[in-house]
Asks: 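A single structure is presented below for examination.
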There are 2 protein chains.
Amino acid sequence: MRKVERQSHLRQLINNTNIERQDDFVRLLAQKHIEVTQATISRDIKEMQLVKVPTAGGGYHYSFPPKKQMDSEKKMRRTLRDAFISMNAQDNMVVINVHPGNGPALATLISQTNDESLFATIGDDATVLSICKTKAATHEFMNKMTNLLAD
Amino acid sequence: MRKVERQSHLRQLINNTNIERQDDFVRLLAQKHIEVTQATISRDIKEMQLVKVPTAGGGYHYSFPPKKQMDSEKKMRRTLRDAFISMNAQDNMVVINVHPGNGPALATLISQTNDESLFATIGDDATVLSICKTKAATHEFMNKMTNLLAD
DNA sequence: TGTGAATAGGAATTCAAG
DNA sequence: CTTGAATTCCTATTCACA
């Protein structure tokens, strides 16, 4: 099925680029040799419950569903609190040590956060490694994690 | 100035009714003897950063800005944790007792949550009273508070 | 500035069709 | 059940004006 694959591209595009209108999706997918029309994108957006958010700067951009965003952050906080042992950063990477068994879950949750500044996140049994796109993002990411633990 | 007033009506309408498109705003404002056109609503929406959210049921409805929603929930959790003493319900009302001085802040935060099921919330120095629209909503509201405390 | 009227522009749906 | 083309519907902007 082509739809599932395309929709995951949509998620990726939202993370990595600033999508201002549906035709942006069409254009960028075309570059990946996925040819679809605006009609299809509109349906995908409805199905995925993406929203067009007016931005502070006076423009618009598509984003992930508000409720799911909140939910996954809540879950992440719970897991973090439950399993957290320690966190360290080096360059643009952050390592989070957790109690055995919790790595994969936390890694998945971090990924689902759809944080634009993250390059990748992987987790084994007791370790989660997040690679940020920039060093600045690394600090932001650590702050975010710290805040979740503290809030 | 007329705009500020109108925009607060918009907030109210989002809370109390299911707004599917901008013309719904126009129509409902007209009933309140506020005559505006769709163009103005579009500008308000941009300014207030409201979003049109695809719903699970296959429709659409306008809602509050996702980020502000998250932020105010976080603040609420912090304040709750800080100040919470006890909570009790009777009929469709919920009373939250807090440490002296925290009532007004918590009441404001609860109001800002824009919970559709709330009729009103007021807070004095150490007490917050939330009146829900229905008895069912009362339970939901208590659950929500409990979860914020527990999460 | 803030607004309405008109219009352009973007998004959702209908209507085949695979 | 998924899609594209065409169309309708909805939203944003332009332009004139208070």
Side-chain angles (χ1 to χ4, degrees), chain A residues 1-69 114, chain B residues 1-69 114:
Chain A
M1 194 191 301
R2 188 157 212 175
K3 194 169 73 162
V4 172
E5 181 193 356
R6 181 184 61 240
Q7 295 192 348
S8 91
H9 280 279
L10 258 50
R11 275 183 279 276
Q12 205 185 321
L13 285 171
I14 283 188
N15 278 335
N16 299 319
T17 56
N18 197 43
I19 307 289
E20 297 182 323
R21 45 176 167 281
Q22 301 186 354
D23 279 333
D24 290 344
F25 280 124
V26 175
R27 199 166 30 77
L28 291 165
L29 284 176
Q31 290 180 11
K32 300 189 179 192
H33 310 286
I34 303 174
E35 310 274 342
V36 284
T37 60
Q38 175 268 326
T40 300
I41 298 297
S42 173
R43 296 186 189 103
D44 284 340
I45 283 170
K46 183 171 190 171
E47 193 173 322
M48 300 166 74
Q49 295 177 233
L50 303 180
V51 294
K52 184 173 150 189
V53 188
T55 59
Y60 300 87
H61 76 271
Y62 278 91
S63 177
F64 291 98
K67 286 192 181 175
K68 295 203 173 176
Q69 270 181 52
N114 289 308
Chain B
M1 192 191 301
R2 187 159 215 176
K3 193 171 73 164
V4 173
E5 181 193 355
R6 180 185 60 242
Q7 294 192 349
S8 90
H9 280 279
L10 258 50
R11 275 183 279 275
Q12 205 184 321
L13 285 171
I14 283 187
N15 278 334
N16 299 317
T17 56
N18 197 43
I19 306 290
E20 296 182 324
R21 46 175 168 279
Q22 301 186 354
D23 278 334
D24 291 343
F25 280 125
V26 175
R27 200 167 29 77
L28 292 166
L29 284 176
Q31 291 179 9
K32 300 189 179 193
H33 308 287
I34 302 174
E35 310 273 342
V36 284
T37 60
Q38 174 267 326
T40 299
I41 298 297
S42 172
R43 295 185 189 106
D44 284 339
I45 283 170
K46 183 172 191 172
E47 193 173 322
M48 300 166 74
Q49 294 178 233
L50 303 180
V51 293
K52 184 172 148 190
V53 188
T55 59
Y60 299 88
H61 77 271
Y62 278 91
S63 178
F64 292 98
K67 286 193 181 176
K68 295 202 173 177
Q69 272 182 49
N114 290 307

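All of these numbers come straight from a predicted model, not from anything done at the bench. Naming: A, B, ... by sequence-line order, numbering from 1 per chain.
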Asks: Using the side-chain heavy atoms of R6(B), tell me which of these nucleotides is nearest: dT3(C), dT11(D), dA5(C).
Replies: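 Comparing dT3(C), dT11(D), dA5(C) against the side chain of R6(B), the answer is dT3(C).
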Asks: Are OP1 or OP2 of dT3(C) and a side-chain N or O of T40(B) less than 4.0 angstrom apart?
Replies: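 Checking dT3(C) against T40(B), no side-chain N or O comes under 4.0 Å of OP1 or OP2.
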Asks: Can you tell me the distance, in whole Å, between the CG atom of D23(A) and the C1' atom of dT11(D)?
Replies: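 Rounding to the nearest Å, CG of D23(A) and C1' of dT11(D) are 15 Å apart.
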Asks: If you compare every side-chain N and O of K46(B) against the phosphate oxygens of dT13(D) (OP1, OP2), does one of them come in below 4.0 Å?
Replies: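 Result: yes.
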Asks: Please state how far atom CZ in F25(A) lies from atom P in dA12(C), giving the value in whole angstrom units.
Replies: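 The answer, rounded to whole Å, is 11 Å.
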Asks: Among dA5(C), dT11(D), dG2(C), which is the nearest nucleotide to the side chain of A39(B)?
Replies: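 Of the candidates, dA5(C) comes closest.
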Asks: So how far is it from Y60(B) OH to I45(A) CD1, rounded to the nearest 0.5 Å?
Replies: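 Y60(B) OH to I45(A) CD1: 8.5 Å, rounded to 0.5 Å.
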Asks: Exactly one of Q22(B), R6(B), K3(B), H9(B) should register a side-chain hydrogen bond (donor to acceptor under 3.5 Å, both in side chains) with D44(B). Which one does?
Replies: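 The single option meeting the side-chain hydrogen bond (donor to acceptor under 3.5 Å, both in side chains) with D44(B) is R6(B).
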Asks: Kindly say if Y60(B) contacts the phosphate of dC9(D), meaning a side-chain N or O under 4.0 Å from OP1 or OP2.
Replies: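 No, outside the criterion.
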Asks: In Å, rounded to the nearest 0.5 Å, how long is the span from CG of D23(A) to CG of L29(A)?
Replies: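 Reported value, rounded in 0.5 Å steps: 11.5 Å.
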Asks: Nearest-nucleotide wise, let me know which of D44(B) and K52(B) is further upstream toward the 5' end of DNA chain C.
Replies: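 Closest to the 5' end, via its nearest nucleotide, is D44(B).
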Asks: For Y62(A), answer base if it contacts any base atom (sugar-phosphate contacts may also be present), sugar-phosphate if it contacts only those atoms, and nothing otherwise; contact means non-hydrogen atoms under 4.0 Å.
Replies: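 Touches sugar-phosphate only.
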Asks: Atom CD of Q49(A) and atom P of dA11(C): how far apart are they, to the nearest Å?
Replies: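 Value for this atom pair: 18 Å.
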Asks: Give a yes/no on whether any side-chain N or O of Q22(A) is located under 4.0 angstrom from OP1 or OP2 of dG9(C).
Replies: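 No.
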Asks: CD1 of I41(A) versus P of dA12(C): gap in Å, rounded?
Replies: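 Rounded to whole Å, this separation is 11 Å.
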Asks: Looking only at heavy atoms, what is the nearest atom pair of V51(A) and F64(A), with distance?
Replies: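 Between these two residues, the closest heavy atoms are CG2-O, 3.9 Å.
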Asks: Write down the distance between NE2 (H61(A)) and P (dG10(C)), rounded to a whole number of angstrom.
Replies: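 Distance, rounded to whole Å: 17 Å.
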Asks: In whole angstroms, how far is the C1' atom of dG2(C) from the CD atom of Q7(B)?
Replies: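 My rounded result for the distance is 11 Å.
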Asks: Under 4.5 Å between any side-chain heavy atoms of Q38(B) and R21(B), yes or no?
Replies: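 A side-chain contact is absent here, since even the closest heavy-atom pair is not under 4.5 Å.
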Asks: Between C1' on dT11(D) and CD on E47(B), what's the gap in Å once rounded to a whole number?
Replies: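 Computing the E47(B):CD to dT11(D):C1' distance gives 16 Å.
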Asks: Taking all non-hydrogen atoms of both residues into account, name the closest pair between E35(B) and A30(B) and its distance.
Replies: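 Result for this residue pair: OE2-O, 4.3 Å.
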Asks: Mind checking whether F25(A) and T17(A) have side chains closer than 4.5 Å, heavy atoms only?
Replies: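 Result no, sub-4.5 Å side-chain heavy-atom pair not found.
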Asks: Is the phosphate of dT1(C), meaning OP1 or OP2, less than 4.0 Å from a side-chain N or O of R43(B)?
Replies: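 Negative; the distance criterion is not met.
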Asks: Could you please name the option among dT11(D), dT13(C), dT3(C) that lies closest to any side-chain atom of K3(B)?
Replies: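 For the K3(B) side chain, the nearest candidate turns out to be dT3(C).
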Asks: Using whole Å, report how far CZ of R21(B) lies from C1' of dT13(C).
Replies: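 Rounding to the nearest Å, CZ of R21(B) and C1' of dT13(C) are 13 Å apart.
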Asks: Please give me every residue in residues 26-38 of chain A whose heavy atoms get under 4.0 Å of an atom in DNA chain C, ordered by residue number.
Replies: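 Q38(A), in order of number.
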Asks: Mind checking the CZ-CG spacing from R27(A) to L13(A)? Nearest 0.5 Å is all I need.
Replies: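 Reported to 0.5 Å precision, the distance equals 10.0 Å.
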Asks: Check this one for me: any side-chain N or O of S42(B) less than 4.0 Å away from OP1 or OP2 of dA12(D)?
Replies: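 Result: yes.
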